[in-house]
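See structure below.
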Amino acid sequence: MHIERPSELDLAKFLLAHQGFRRQAARLRDLLASPEELTGERLAALTRHWTKYLCVLEHHHTTEDEKIWPLLRAAAPEAAAALDELEAEHAELDRLIDASAAALVRLADDPYHRPAAAALFGEFADLVDRHLDHEEKHAVPLLLTALTRDEWLAIETANAASLRAHDLVPFVLPWSLEDAPPAVVDAFLSSSPPELRTVYEKVWLPAYQRQARLLWQGMFDTAARA
């Protein structure tokens, strides 16, 4: 009996999220380490943006820990050690998530906290890079070979419903598609209901771009394009 496996196309949303996690962690690290001025308005926007980012990151890890890793453990027991390592990195990221949120609060009260915040966000960005490299080396091949396509699509369907329930879609969609080639964006949106594409183009994307201009200003191409 032929068993249909997920394809790299099926994993596109998952891997776009990985790109987004890397991109945003590196941006905040570089911003805090730069001489760029952080006005009260800019810092408030940064805190709101980072809060959304952390919600998405925690959501991503919860989906892995509660839904994906158990399936992989059952289908590929030989991968247990690698999955244990990924779960341990999740725990370390949880520590840095709490610390980074607290650091932005302290920075709002005391601008002299910026060097310490920059060091913390550097540590965070480094761990995000290492962790996602490990996921893509160890877990992604298993996703393509150990799960069925129906299992993966069921995970994606449940994940999308959870993102909607937590009101994260207006942030996740423009954030995850930010650096995607136009053909990928079009393919992604073409598979969505027409009304979602309309609200994305008319409401969510312009709001995200306005925030990008305020947050990153002249530091990044995103701000220039927006």
Side-chain angles (χ1 to χ4, degrees), residues 10-32 44-69 86-87 89-105 120-121 123-136 139-140 143 152 154-180 184-185 188-189 191-192 196 199-200 203-212 214-216 220 222 226:
D10 293 319
L11 266 58
K13 295 177 185 177
F14 183 83
L15 295 175
L16 280 172
H18 280 197
Q19 292 177 22
F21 293 135
R22 289 186 174 101
R23 180 175 62 242
Q24 298 298 329
R27 282 182 179 174
L28 189 51
R29 174 201 64 204
D30 293 347
L31 174 59
L32 290 177
L46 199 59
T47 301
R48 291 193 300 271
H49 181 86
W50 192 247
T51 299
K52 288 286 189 183
Y53 171 95
L54 294 182
C55 285
V56 176
L57 181 60
E58 290 178 309
H59 186 278
H60 185 85
H61 288 166
T62 298
T63 298
E64 290 173 339
D65 290 339
E66 296 182 356
K67 297 178 180 178
I68 300 177
W69 298 166
L86 293 177
E87 288 188 351
E89 289 171 354
H90 281 181
E92 179 63 11
L93 278 167
D94 286 343
R95 180 188 69 81
L96 290 176
I97 283 171
D98 292 341
S100 69
L104 286 182
V105 172
L120 176 64
F121 280 94
E123 183 183 357
F124 181 91
D126 288 345
L127 181 55
V128 166
D129 278 340
R130 289 200 311 276
H131 172 65
L132 296 179
D133 285 347
H134 291 165
E135 274 195 15
E136 289 164 9
V140 169
L143 294 178
W152 180 252
I155 290 170
E156 289 243 301
T157 299
N159 187 58
S162 181
L163 289 171
R164 289 194 298 271
H166 288 87
D167 196 29
L168 290 172
V169 177
F171 174 84
V172 167
L173 202 54
W175 165 79
S176 61
L177 294 176
E178 183 178 325
D179 284 344
V184 172
V185 176
F188 191 98
L189 295 175
S191 65
S192 304
L196 185 144
V199 74
Y200 166 80
V203 181
W204 298 342
L205 180 59
Y208 186 86
Q209 290 175 330
R210 286 193 298 271
Q211 181 171 255
L214 176 60
L215 292 179
W216 315 124
F220 304 102
T222 298

Distance, nearest 0.5 Å, that separates [atom1] of [X] from [atom2] of [Y]:
X: Asp129; Y: Phe124; atom1: CG; atom2: CZ; value: 10.5 Å
X: Ser100; Y: Leu28; atom1: OG; atom2: CG; value: 8.0 Å
X: Leu163; Y: Thr63; atom1: CG; atom2: OG1; value: 7.5 Å
X: Lys13; Y: Leu11; atom1: NZ; atom2: CG; value: 11.5 Å
X: Leu46; Y: Tyr53; atom1: CG; atom2: OH; value: 12.5 Å
X: Leu54; Y: Ile97; atom1: CG; atom2: CD1; value: 5.5 Å

Going by an N to O cut-off under 4.0 Å, is there a salt bridge joining Glu92 and Arg130?
->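 So Glu92 does not pair with Arg130 through a salt bridge.
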
Output all residues satisfying ring pair (Phe, Tyr, Trp, His ring centres under 6.0 Å) with Phe188, sequence neighbours left out; order by chain, then residue number.
->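 If we apply the ring pair (Phe, Tyr, Trp, His ring centres under 6.0 Å) test to Phe188, skipping adjacent residues, there are no hits.
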
Please report the shortest heavy-atom distance between [X] and [Y], naming the atom on each side.
X: Ala99; Y: Leu120; answer: O-CD2, 3.3 Å
X: Ala125; Y: Ala26; answer: CB-N, 4.3 Å
X: Leu214; Y: Ala45; answer: CD2-CB, 3.4 Å

Do His61 and His131 make the cut of ring centroids closer than 6.0 angstrom?
->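 Yes; His131 has its ring centre under 6.0 Å from that of His61.
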
State yes or no: are the ring centers of Trp152 and Phe14 separated by less than 6.0 Å?
->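 Yes, ring centres under 6.0 Å apart.
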
Is Glu135 close to Leu86 at the side-chain level, that is, under 4.5 Å between some pair of heavy atoms?
->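 Yes - at least one pair of side-chain heavy atoms lies under 4.5 Å apart.
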
Would you mind reporting whether Leu205 and Leu177 have side-chain heavy atoms less than 4.5 Å apart?
->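 Side-chain contact under 4.5 Å: no.
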
Quick one: which of Trp204, Phe21, Trp50 gives a ring pair (Phe, Tyr, Trp, His ring centres under 6.0 Å) with Trp175?
->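 Between Trp175 and the candidates, ring pair (Phe, Tyr, Trp, His ring centres under 6.0 Å) is satisfied uniquely by Phe21.
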
Test Glu178 against Arg27 for salt bridge (Lys or Arg N to Asp or Glu O under 4.0 Å), laying out the working first.
-> CA-CA 13 Å; Glu178 183 178 325; Arg27 282 182 179 174; 2.6 Å; yes

Which is it for Arg22 and Asp133 under the salt bridge (Lys or Arg N to Asp or Glu O under 4.0 Å) test, yes or no, and what are the steps along the way?
-> CA-CA 10 Å; Arg22 289 186 174 101; Asp133 285 347; 2.9 Å; yes

Taking only residues two or more places apart in sequence or in another chain, which ones pass side-chain contact (heavy atoms from CB on, under 4.5 Å) with Val105?
->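 With sequence neighbours excluded, Val105 shows a side-chain contact (heavy atoms from CB on, under 4.5 Å) to Asp109, given in chain and number order.
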
Please name the residue in the list Glu66, Lys67, His60 that meets the side-chain contact (heavy atoms from CB on, under 4.5 Å) test with Glu64.
->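 Considering Glu66, Lys67, His60, a side-chain contact (heavy atoms from CB on, under 4.5 Å) with Glu64 is found only for His60.
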
State whether a side-chain donor-acceptor pair under 3.5 Å links His49 with Gln24.
->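 Yes, side-chain donor-acceptor contact under 3.5 Å.
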
Check whether the side chains of His59 and Asn159 place a donor and an acceptor atom closer than 3.5 Å, and report yes or no.
->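 The answer is yes; a qualifying pair exists.
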
For atom NE2 of His134, decide whether the heavy atoms of other residues, nucleotides or ligands shown that lie under 6.0 angstrom number more than 12.
->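 Yes, the 6.0 Å shell around NE2 holds more than 12 heavy atoms from other groups.
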
